[in-house]
Novice: 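Sharing a structure below in structure tokens format, with a few things to ask.
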Amino acid sequence: MSKQKRYWLMKSEPVSYSIEHLKRDVVTPWSGIRNYQSRNFMRDEMRKGDGVLFYHSSCREVGVAGTAEVASTPYPDATQFDRKSDYYDPKATKEHPRWMLVDVRFVKQFKQVIPLTALRRENSLRNLMILRPGNRLSITPVTREEFRTILSLAS
DNA sequence: GCCAACGTTGGC
DNA sequence: GCCAACGTTGGC
């Protein structure tokens, strides 16, 4: 696998976890992902130091709120073993964990959220996965060029 | 292995 | 709150 730095967009609903939370926590396990494609990105493709766009979804100001970076190698999501958690998975065992995650470290909060509408206006972002109709993946790869373009839209 | 029913996501 | 898209579930 390539050692080249990669780039990702990770969605979160700010009601449950926002860029402000990450700023406060500095590093957090990206727990609660229960989609195999997203899990596979974390488990198989992410590397420490990869760039992350932190995206706020299902809220008043939908868009990219800041940046972060991948801060660990993959390890089991503890919430899958926690019976009291919304993310408890009765089919997961410590011997055979089903859900893996990485830690994410705060890098930067944009002064203003880059709105989804601004992303849609950029012709060079036309292939961005979250702009494609029906895409619901909470973790998607972005190219280095897309990452740079989005950074350039930040005020 | 098919596929209908159902649940979730997420923008609007 | 609506609804389109799409993943998951489970009966057959």
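Here is how names work: the chains are called A, B, and so on, in the same order as the sequence lines, proteins then strands, and each is numbered from 1. Computation of the quantities below employed the complete heavy-atom set of this structure, encompassing side-chain atoms and omitting hydrogens, waters and symmetry-equivalent molecules.
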Novice: Side chain of Tyr36(A) only, please: which of dG10(B), dA5(C), dT8(C) is the nearest?
Specialist: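 Within the option list, the nearest is dT8(C).
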Novice: Roughly how far, to the nearest 0.5 Å, is the CZ atom of Arg98(A) from the CZ atom of Arg39(A)?
Specialist: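 The CZ atom of Arg98(A) is 8.5 Å from CZ of Arg39(A), to the nearest 0.5 Å.
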Novice: Write down the distance between CE (Met10(A)) and P (dT9(B)), rounded to a whole number of angstrom.
Specialist: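 Taking CE of Met10(A) and P of dT9(B), I get 16 Å after rounding.
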Novice: Between dC12(B), dG7(C), dG10(B), which one does the side chain of Asn35(A) approach most closely?
Specialist: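 That would be dG7(C).
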Novice: Check the orientation of Phe54(A) and Trp30(A). Use parallel for under 30°, tilted for 30 to 60°, and perpendicular for over 60°.
Specialist: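 Perpendicular.
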Novice: What is the separation between atom CZ on Arg136(A) and atom C1' on dG7(B), rounded to the nearest whole Å?
Specialist: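 For the pair Arg136(A) CZ and dG7(B) C1', the rounded distance is 9 Å.
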Novice: Going by side-chain contact (heavy atoms from CB on, under 4.5 Å), name the residues that satisfy it together with Thr140(A), two or more places apart in sequence or in a different chain.
Specialist: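 Testing Thr140(A) for side-chain contact (heavy atoms from CB on, under 4.5 Å), a comparison that skips the adjacent residues, returns Leu9(A), Met129(A), Ile130(A), Asn135(A), Leu137(A).
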Novice: Just how far, in rounded Å, is P of dG7(B) from CG of Asp86(A)?
Specialist: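 Taking CG of Asp86(A) and P of dG7(B), I get 17 Å after rounding.
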Novice: In whole angstroms, how far is the P atom of dG11(B) from the CG atom of Leu128(A)?
Specialist: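 For the pair Leu128(A) CG and dG11(B) P, the rounded distance is 12 Å.
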Novice: Are OP1 or OP2 of dG10(B) and a side-chain N or O of Lys11(A) less than 4.0 angstrom apart?
Specialist: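 Answer is yes, contact under 4.0 Å.
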Novice: How long is the line joining CZ of Arg34(A) and C1' of dC6(C), in whole Å?
Specialist: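 Rounded to the whole Å, the gap is 19 Å.
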Novice: Checking side-chain contact (heavy atoms from CB on, under 4.5 Å) between Gln37(A) and each of Ile33(A), Asn40(A), Asn35(A), which is the one that passes?
Specialist: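 For Gln37(A), the side-chain contact (heavy atoms from CB on, under 4.5 Å) test succeeds with only one of Ile33(A), Asn40(A), Asn35(A), which is Asn35(A).
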Novice: Within this structure, what is the OH-to-C1' distance between Tyr55(A) and dG10(B), rounded to whole angstrom?
Specialist: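 The distance from OH of Tyr55(A) to C1' of dG10(B) comes to 8 Å, rounded to the nearest Å.
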Novice: Starting at atom CD1 of Ile130(A), determine the distance to atom C1' of dT9(B), rounded to an integer number of angstrom.
Specialist: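 So the two atoms are 13 Å apart, to the nearest Å.
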Novice: Rounded to the nearest angstrom, tell me the gap between atom CG in Leu116(A) and atom C1' in dG11(B).
Specialist: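 Interatomic distance, CG of Leu116(A) to C1' of dG11(B): 8 Å.
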